[in-house]
Amino acid sequence: MADHAPTYQADCPFCRIAAGEIPVEVVFQDEAVVLFNDINSKAPTHVLAIPRRHLASASELTDADADLLAALFRAMRRVADEAGLKGYRILTNVGLEAGQSVFHLHFHLLGGRPMAWPPG
Ligand code: 5GP
Ligand code: ZN
């Protein structure tokens, strides 16, 4: 039986990834976060950083999540440093209009090529 986070939702793909029920290429994980390669990579490095706990998006973050956010950004910096990235972009889509397609909070870590601005 998988060790589910307290907020595990069986219909959420990223809850299932965090529980090890959908295989992914994990690049870092600890008790609070999982980082894995995006299945549809948009850059030489394209990693998704998720909390194990289910939050639909950044719009659900509260002051109580300060440590969780720090853990996510610490892990992304570690992965970026290990990949030797000279620069990188971290973004999160909030809502359908912004392009969010999976409603479990995740940060995209993109790097390894020049980044245009503004995003599309
Ligand atoms: P969003 O569009 O919500 O900002 O980003 C969702 C991301 O999750 C997309 O880049 C998509 O390629 C990625 N993704 C969706 N399902 C899976 C999956 O099962 N495995 C992996 N590795 N990535 C996924
Ligand atoms: Zn979830």
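Only this structure's heavy atoms are used, side chains among them; waters, hydrogens and symmetry mates stay out. Everything numeric in this text was worked out from a predicted model, so none of it was measured.
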Quick one: do Ile22 and Ile50 end up in the same hydrophobic cluster if we chain Ile, Leu, Val, Met, Phe, Trp and Tyr together by side-chain heavy atoms under 4.5 Å apart?
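In one cluster: yes.
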The criterion is side chain to side chain contact (heavy atoms under 4.5 Å, CB included); which residues satisfy it with Lys86, sequence neighbours excluded?
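Lys86: no side chain to side chain contact (heavy atoms under 4.5 Å, CB included) contacts found.
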What pairs of donor and acceptor atoms, side-chain ones from residues 91-103 against any protein atom, are under 3.5 angstrom apart with sequence neighbours left out?
residue, atom, partner, partner atom, Å
Thr92, OG1, His106, O, 2.8
Gln100, OE1, Gly95, N, 2.8
Gln100, NE2, Ala56, O, 2.9
Gln100, NE2, Val102, O, 3.0

With a 4.5 Å heavy-atom cut-off, do His104 and Pro51 have their side chains touching?
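Yes - at least one pair of side-chain heavy atoms lies under 4.5 Å apart.
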Is Arg52 close to Tyr8 at the side-chain level, that is, under 4.5 Å between some pair of heavy atoms?
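The answer is no, as the side chains (C-beta and beyond) never meet within the 4.5 Å cut-off.
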Using a side-chain heavy atom cutoff under 4.5 Å and only I, L, V, M, F, W and Y, what cluster partners does Leu69 have?
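Answer for Leu69: Val27, Phe28, Val33, Leu35, Val47, Leu55, Leu61, Leu68, Leu72, Phe73, Met76, Val79, Leu85, Tyr88, Ile90, Leu105, Phe107, Leu109.
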For a quick test of reading the model, state the closest non-hydrogen atom pair linking [X] to [Y] and the distance between them.
X: Ala19; Y: His4; answer: CB-CD2, 3.4 Å
X: Pro44; Y: Gly112; answer: CG-O, 3.4 Å
X: Pro13; Y: Asp11; answer: CD-O, 3.6 Å

From [X] [atom1] over to [Y] [atom2], what is the distance, rounded to the nearest 0.5 angstrom?
X: Leu110; Y: Ser41; atom1: CG; atom2: OG; value: 8.0 Å
X: Arg89; Y: Met115; atom1: CZ; atom2: CE; value: 6.0 Å
X: His54; Y: Thr7; atom1: NE2; atom2: OG1; value: 7.0 Å

Spell out, as yes or no, whether a donor-acceptor pair under 3.5 Å connects the side chain of Arg113 to the backbone of Lys42.
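Here the side-chain-to-backbone pair exists.
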Within the distance-only criterion (no hydrogens, no angle test), does the side chain of Asp81 pair as donor or acceptor with the backbone N or O of Arg78 below 3.5 angstrom?
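No, because the side chain of Asp81 does not come within donor-acceptor range (under 3.5 Å) of the backbone of Arg78.
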